[in-house]
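Computation of the quantities below employed the complete heavy-atom set of this structure, encompassing side-chain atoms and omitting hydrogens, waters and symmetry-equivalent molecules. Throughout, a chain's letter reflects where its sequence line sits, starting with A, and its residues are numbered from 1.
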Number of protein chains: 2
Amino acid sequence: MRALNQEDLEERKRKVLQFVIHEYIRTSNPVGSNAISTVSSLGLSPATIRNVLSELEREECITHPHTSAGRIPTDKGYRRYVDSLVDLQRLAIQEQTRIQSEYETRIREIEDLLLQTSKILSSLSHYSGFVVAPKWERHIFSHMDLIPVSSHRFLCAMISESGLAKHFIITTRTELPRESLRKIVRMINESFHGFTLQEVKLQITSRLENLQEEWKDILSMAKEIGQEIRRFSDAENELYLEGAGNILSLPDFTNPHDFQNLFKMVEEKHILSELVGSDWDEVKTKPLAKGTPSKNKSRSRVKVRIGSENKNRALQNLSVISSTYQLSDKTVGVLGIIGPKRMEYSKMISLVDYVSRMMNHFLSEFDKDI
Amino acid sequence: MRALNQEDLEERKRKVLQFVIHEYIRTSNPVGSNAISTVSSLGLSPATIRNVLSELEREECITHPHTSAGRIPTDKGYRRYVDSLVDLQRLAIQEQTRIQSEYETRIREIEDLLLQTSKILSSLSHYSGFVVAPKWERHIFSHMDLIPVSSHRFLCAMISESGLAKHFIITTRTELPRESLRKIVRMINESFHGFTLQEVKLQITSRLENLQEEWKDILSMAKEIGQEIRRFSDAENELYLEGAGNILSLPDFTNPHDFQNLFKMVEEKHILSELVGSDWDEVKTKPLAKGTPSKNKSRSRVKVRIGSENKNRALQNLSVISSTYQLSDKTVGVLGIIGPKRMEYSKMISLVDYVSRMMNHFLSEFDKDI
DNA sequence: TATTAGCACTCATTAGTTTAGAGTGCTAAT
DNA sequence: ATTAGCACTCTAAACTAATGAGTGCTAATA
């Protein structure tokens, strides 16, 4: 028997870890040395496997719940698996067509698209799907208008160049004659055309103050309006979250404490919204496997967070697979799925990747449509 | 010992049932004959109590989970209790002030009021609070406007006389020049002023069609707009639901199946929205106990549904206490709490009653404000 | 005649015991 | 370097026994 060098040993270790993870994902039971020896095609005896396993355990990639149980992957093990062991594949054609057909319901608004996407993510993963709505502040201001509702209340509509519309009711303490209203609206529209909405938000109050001279009479009203616009621009990103119930029915979830955490997350969606916030800044790309280049030239931006890698307590026993989406070449939002750590990463990464590409596709159509 | 007549026996039965329910609510454990004999002030031996209990059991007001357990109330038992045994009281002053202080956060819009109310209901009951938003269709149409977003898209704002505003984006296939747009808006505003929004919804398409002669050029566009308005008027009532997580942590909830049902309810709020729909039509009033007349002259409209009295499956193990609220003297919405069957009905009924009065109070202020 | 004491009976709960089997780690043989 | 062999550990399941809370019935009682 020829001597094995270091590389071969590493290779074997990798294969064993991969097998453990695959088997654990499949059966949800700890995997023993016997099973690996018999079922895998490594051709090694249980005893040898045991040596490999104890080494993997020393490296904290696996543990066992108790002495007489098989091994299960740790978060670190999953991480290693996702980083280098998972075989990334293109999504099956059959699933691609399924997704495309799901998108065929009439989508009029961006909101419809976001909702439908989160539903698709949920129903194809059988886990929970989410979409964080486009980040309002990144858009370019086009125009706004105020419609009187009553003497002190107005419906304020703000439209971005990409066609996103935000609307909310504002209330003023002072009464506003129609003429002044029109003047204020015209002024805002003229001075902010072409600015980002973040700039509008930050500068609206100060701008309105600078016009003191000629606007003395309606200054205080303009100020009030500015404040209200600011207030609504600060609102957190909207989040679409579907299929959270799916996670409950998983065999991995038995602890009632986990239930409560999950519940909290659904009730206070902003928890999750904050959580994925970091995706905007630091985006670690995970290219698809060689030999399967994507149709679209752009790189996949799928990110995986496993269990304790999530900062949020409610997600300590879950994994989040997310990607970003763009509008007019700017990253404006995040979408993805939330599922058990014990999930088919290969398939799920492909799914999220594919759906995020579809989102980009549809969003660019919206963009063209303007 | 003097002979007891039928009435005295009935009275005793009532007292025993009341004691069982109170004790069960307090401890969440089945109540035995011994406990009743010792703790209650009836002065009867366990054996006598047992006779009463078995009679109550024959009447299906109580059961026991197994032979050697004490008694617990059935839905029928709770019903009897709520109908005639519960001591209705005014809410404690301390709680009244707590509620009033909770309402002191700045409430600008009806939406704020609804959200805040559902939070109050949740936090004071320690269960789940809900408010079904005002029924749009019952309001009187005041005016509407269309703001162009892009060539094919408009922000449509509809304002009711009571100041409720509804706004949504509509998309048309054909392009609309500004002039035609203004014409259509003027026409709608003139012809529907004073109508209910339901009438607007039902008649808008047919009205637009009747104007054929003079409007030939913009008829198809007007039609499209009419259809879109119709579509958005059909949208279901919005629902505010807070504190559903509170229910999970109750000792009454152990069955994972119940968890799932509850989850479903939170995810698909319209389930609940449908559920309380019946409150608009058939309202069974439950006046407060004599001797404690309410400050406000109007009758309390609190309704209690216990366990299986709820049609919805998700609520089979829960009780719903609800009341309606008015705007301009019309019943436009429902609010209440959802909790375990095993809850302090007296307190909760008072709470819902009081909060619904507060809602009416604030809403009438909104109304005046217009 | 209504009430109650007495008693046999039921059944959930808990603890204790045993057994089976899955899986490990170590050692010595190959 | 690999593996067979074996003692060891620990869980899960199944069985047993003891406890005790609560009932329903009957006969005695005020």
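Both B:I49 and B:P65 sit near DNA chain C, but only B:I49 has its closest nucleotide nearer the 5' end.
Taking side-chain N and O atoms only, B:T48 has no distance below 4.0 Å to OP1 or OP2 of C:dT3.
The stretch residues 14-57 of chain B participates, sequence neighbours left out, in these ring pair (Phe, Tyr, Trp, His ring centres under 6.0 Å) pairs: B:H22-B:Y81. Residue pairs that meet the salt bridge (charged side-chain N to carboxylate O under 4.0 Å, His left out) test with at least one member in residues 20-46 of chain B, sequence neighbours left out, are B:E23-B:R26.
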Practice prompt. Both distances under 3.5 Å, Watson-Crick or G-U wobble: on that basis, could you give the dot-bracket string for DNA chain C, with [ ] for crossing pairs and | for other-strand partners?
Written response: ||||||||||||||||||||||||||||||
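Rounded to an integer number of Å, the gap from A:E11 CD to D:dA1 P is 18 Å. Summarising the geometry, the separation between CD on B:E23 and P on D:dG22 is reported as 11 Å, rounded to the nearest angstrom. Following rounding to the nearest Å, B:L9 (CG) and C:dA2 (P) show an atom-to-atom distance of 8 Å.
A search for ring pair (Phe, Tyr, Trp, His ring centres under 6.0 Å) contacts involving A:F263 returns B:F263, not counting sequence neighbours. B:R313 pairs by the side-chain hydrogen bond (donor to acceptor under 3.5 Å, both in side chains) definition with nothing, not counting sequence neighbours. Take B:Y354 and apply the side-chain hydrogen bond (donor to acceptor under 3.5 Å, both in side chains) test, not counting sequence neighbours, and it matches B:Q100. In this structure B:H66 satisfies the side-chain hydrogen bond (donor to acceptor under 3.5 Å, both in side chains) test together with B:S68, sequence neighbours excluded. Checked against side-chain hydrogen bond (donor to acceptor under 3.5 Å, both in side chains), A:Q18 has no partners two or more places apart in sequence or in another chain.
Judged purely by atom type and a 3.5 angstrom limit, B:S40 has no side-chain atom pairing as donor or acceptor with the backbone of B:S37.
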Worksheet entry | Contact pattern, 5' to 3', of nucleotides 19-30 of chain C - B, S or - by protein heavy atom under 4.0 Å | --BBSBB-----
